[in-house]
S.K.: 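Dumping the structure here so I can ask a few things about it.
In what follows, chains are A, B, ... by sequence order, proteins preceding strands, each numbered from 1. Everything quoted here is computed from the prediction, not taken from an experiment.
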There are 2 protein chains.
Amino acid sequence: MSTIGKALGLLDAISRLDREHGLSDIARLCALDKATTRRFLVELERHGFVEQDAETRKYRIGAEPVRLARIREARFPFLSLAVPVLRDLAAASTETVHLAEYSAGRLSNIHVEMSPRAHCVTVDVGSVLPFHATASGLAFLAFSPAGLAEQMLAEPLQAFTRYTLTRAPDLRAMLAETAERGFSISRQGLEAGVVSTAAPVRAPDGTPIGTVAIAAPLVRVNAVRILELGQQVAEAAGQISDAFFGLGQPAPTLSRKAG
Amino acid sequence: MSTIGKALGLLDAISRLDREHGLSDIARLCALDKATTRRFLVELERHGFVEQDAETRKYRIGAEPVRLARIREARFPFLSLAVPVLRDLAAASTETVHLAEYSAGRLSNIHVEMSPRAHCVTVDVGSVLPFHATASGLAFLAFSPAGLAEQMLAEPLQAFTRYTLTRAPDLRAMLAETAERGFSISRQGLEAGVVSTAAPVRAPDGTPIGTVAIAAPLVRVNAVRILELGQQVAEAAGQISDAFFGLGQPAPTLSRKAG
DNA sequence: AAGCGTCGGTTCAAATAGTGAACCAATTCG
DNA sequence: CGAATTGGTTCACTATTTGAACCGACGCTT
């Protein structure tokens, strides 16, 4: 594997940590030598991708990604156009809403609007969503070229709860349903006690570039309510697609590479 | 130089481009071999740091930095706390306001609030600010340990306009003035016809972590007005420092490494 | 339509960079 | 107090990166 790949993998590992960690910890986590890990961290730090706390000597994500993200947002204002819609959706549904973007073969959460209610689902920004176990993942695959779904189903599928669908035929059926319905539903696929529904944000040519999802506590949704939420999420996703590609956007095409 | 450094340098080069470019262009710009450039781009793409347009084959910043930036913002909400203050400042001053963050030895623009006026200064988000030629740079250095300023002054200083101060003694005088006054002033240092004033956002221990600046067309400011704007910018910078470190923030320390 | 330049992308021997076991010195813990 | 961490460094060994030369395709000009 290339050195660059290893270093960026290291950065990815750091991004998944819930708190700051030290050199030895990070080395163990990435199964890299301590010396190698250190060289990577130093190099990443030189470029602002990680920062080292001067006191604790622990490492965290640096400020350079913020700069890069702002540049991307300036040309491709996905977040800034989507957030108002998400806010409205959270208010209308009174449930937690989140937006994911597809990149590098993964679907990552990039924004969360919390439910105004006291009892609600929390979702981490920056987390990577498994395709088979989340409404977002299913919504994304259902509207992508069939090859992508098959590629994802071919890998071993982790069961996060005892409700997680892990058999390809079951998932294929879910995808077919989703494609017909216009939105996906996941019942406790990733987290026990949580039901989600999601719909794709699509480029003009139809390929999804991300998803918008609603996640609600199981106790608040019945068969009728989930369809209601699904309608709302599909509506919002359509709105974002239109807002984004409707005016002025050069509609960039994305090569849909393997994960 | 390490391969990682070269690859991240390439990413940095792409970030500075005003529009998307092709492989050969980028290779030329970075003085790297085409084959090497391609391997880097492919690797960066695999991890989502760049995207290649499927049609034009040109490269642009990818979505992964957005994910990383959101993670950082969730733990270290510099932007989200600063933006409301910047908005108020833009409204109060009726001039363009921008926020910069120090990282990897550079001061980068991470947010801009445009002046409500028709005739106003525009500032690019993501751009890197030269320390000696901008109000932000001077404000940052004036409140940093003296060693950092001397390090920056030691390098050859580019004259962006015929008003740019490039001699170390002149700049040292400016820094002394700035430290005393509490805010910096730059008259056409980077752009002809633009006057700026800036103040540092500081961690509890006093070291600056960024700056907030106002940039106004020369024709709208006289000696009195610039001091007025300076007062406002200093006030706003103080507000951001307080908002950020006042409550709950763990006040992380940053190792102040060379540029 | 032939000629030329440039594009994105690929190949493989030569050269350069990355690697990691062993080693510090400084903390932390029982 | 000593055992087991921690972050960090060294240097002989070796695997990875490098780039000139190559390809087919596209878009000009003649």
Side-chain angles (χ1 to χ4, degrees), chain A residues 1-14 17-62 104-105 250 252-258, chain B residues 1-14 17-62 104-105 250 252-258:
Chain A
M1 200 217 266
S2 75
T3 311
I4 299 170
K6 277 179 256 177
L8 296 182
L10 180 80
L11 187 56
D12 187 65
I14 293 175
L17 298 174
D18 46 323
R19 54 186 180 83
E20 297 178 15
H21 283 258
L23 171 62
S24 296
D25 262 4
I26 295 171
R28 254 191 305 276
L29 184 71
C30 302
L32 287 171
D33 186 86
K34 204 154 49 99
T36 301
T37 304
R38 169 130 229 281
R39 264 177 288 117
F40 287 175
L41 287 171
V42 167
E43 206 58 35
L44 288 170
E45 187 182 27
R46 261 181 21 89
H47 291 262
F49 286 84
V50 305
E51 274 171 10
Q52 182 178 34
D53 194 291
E55 270 174 23
T56 67
R57 315 243 95 186
K58 289 181 188 301
Y59 296 89
R60 70 177 100 96
I61 299 281
T253 61
L254 206 86
S255 39
R256 193 154 294 274
K257 307 244 163 89
Chain B
M1 199 216 268
S2 76
T3 312
I4 299 170
K6 277 179 256 178
L8 295 181
L10 179 82
L11 186 56
D12 187 66
I14 293 175
L17 298 174
D18 46 323
R19 54 187 179 83
E20 297 179 16
H21 283 258
L23 170 62
S24 297
D25 260 5
I26 295 171
R28 252 191 305 277
L29 184 70
C30 303
L32 287 171
D33 186 86
K34 204 155 50 104
T36 302
T37 304
R38 169 132 229 283
R39 263 177 288 115
F40 287 174
L41 287 171
V42 167
E43 206 59 35
L44 288 169
E45 186 180 27
R46 259 179 23 89
H47 291 263
F49 287 85
V50 305
E51 274 172 11
Q52 183 178 33
D53 194 290
E55 270 174 24
T56 67
R57 316 244 92 185
K58 289 181 188 300
Y59 296 89
R60 68 177 102 94
I61 300 282
T253 61
L254 206 85
S255 41
R256 193 154 295 273
K257 306 245 164 88

S.K.: Counting side-chain heavy atoms from C-beta on, which of C:dG18, D:dT9, C:dG9 comes nearest to B:Leu23?
M.R.: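 My answer, after comparing the listed nucleotides, is C:dG9.
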
S.K.: For D:dG7, take OP1 and OP2 only and decide whether either is under 4.0 Å from a side-chain N or O of A:Arg57.
M.R.: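 Negative; the distance criterion is not met.
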
S.K.: Without decimals, in angstroms, what is the distance between A:Ile4 CD1 and C:dT19 P?
M.R.: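 It works out to 12 Å between those atoms.
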
S.K.: Check A:Val50 against A:Leu41 and note the closest heavy-atom contact, atom names and distance.
M.R.: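 For A:Val50 and A:Leu41, the tightest heavy-atom pair comes out as CG2-O, 3.6 Å.
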
S.K.: Could you state the atom-to-atom distance from NZ of B:Lys58 to P of C:dC7 in whole Å?
M.R.: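 It is 9 Å, rounded to the nearest whole Å.
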
S.K.: Can you tell me how far P of D:dG7 sits from NE2 of A:His21, to the nearest Å?
M.R.: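 Value for this atom pair: 11 Å.
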
S.K.: Under 4.0 Å from OP1 or OP2 of C:dT19: is there any side-chain N or O of A:Lys6 that close?
M.R.: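 For C:dT19, OP1 or OP2 has a side-chain N or O of A:Lys6 closer than 4.0 Å.
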
S.K.: What is the separation between atom CD on A:Glu55 and atom P on C:dA26, rounded to the nearest whole Å?
M.R.: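 For the pair A:Glu55 CD and C:dA26 P, the rounded distance is 19 Å.
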
S.K.: To the nearest angstrom, how far is A:Tyr59 atom OH from D:dT6 atom C1'?
M.R.: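 Roughly 12 Å, once rounded to whole Å.
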
S.K.: Can you tell me how far apart CG (A:Leu23) and CZ (A:Arg28) are? Round to the nearest 0.5 Å.
M.R.: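 Spacing of CG (A:Leu23) from CZ (A:Arg28) equals 9.5 Å.
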
S.K.: Between C:dG20 and A:Thr36, is there an OP1 or OP2 to side-chain N/O distance shorter than 4.0 Å?
M.R.: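 It does, given that an N or O in the side chain of A:Thr36 lies less than 4.0 Å from OP1 or OP2 of C:dG20.
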
S.K.: Separation of A:Asp25 atom CG from D:dT5 atom P, in whole Å?
M.R.: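 My rounded result for the distance is 12 Å.
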
S.K.: Starting from P on C:dC7, measure out to CG on B:Asp53 and report it in whole angstrom.
M.R.: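 In whole Å, C:dC7 P and B:Asp53 CG are 18 Å from each other.
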
S.K.: Just by modelled atom types, is the A:Leu32 backbone N or O under 3.5 Å from a matching donor or acceptor in the A:Thr36 side chain?
M.R.: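 The answer is no, because no donor-acceptor pair under 3.5 Å joins these two groups.
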
S.K.: In terms of side-chain heavy atoms of B:Lys34, which of D:dG19, C:dG20, C:dG9 is nearest?
M.R.: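 The closest nucleotide is C:dG9.
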
S.K.: Could you check A:Lys58, A:Gln52, A:Arg60, A:Arg57 and say which one makes a side chain to side chain donor-acceptor pair (under 3.5 Å) with A:Glu20?
M.R.: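 Of all the options given, the one that passes is A:Arg60.
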
S.K.: Apply the side-chain contact (heavy atoms from CB on, under 4.5 Å) test between A:Phe49 and each candidate in A:His47, A:Glu45, A:Arg46; give the one that qualifies.
M.R.: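 Passing option: A:His47.
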
S.K.: Whether B:Thr3 contacts C:dG18 is assessed here as follows: a side-chain N or O lying under 4.0 Å from the phosphate OP1 or OP2. Is that the case?
M.R.: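 Yes.
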
S.K.: Do the side-chain N or O atoms of A:Ser24 get closer than 4.0 angstrom to the phosphate oxygens (OP1, OP2) of D:dT5?
M.R.: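 Checking A:Ser24 against D:dT5: no side-chain N or O falls below 4.0 Å of OP1 or OP2.
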
S.K.: Of B:Arg38 and B:Arg28, whose closest DNA chain C nucleotide lies nearer the 5' terminus?
M.R.: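 It is B:Arg28, whose closest nucleotide lies nearer the 5' terminus.
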
S.K.: Measure the distance from CD on B:Gln52 to P on C:dG8 and round it to the nearest whole Å.
M.R.: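 Those two atoms, CD and P, are 9 Å apart.
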
S.K.: Look at the side chain of A:Arg39 and decide which nucleotide, out of C:dT19, D:dT18, D:dA20, has an atom nearest to it.
M.R.: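 The nucleotide sitting nearest to the side chain is C:dT19.
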
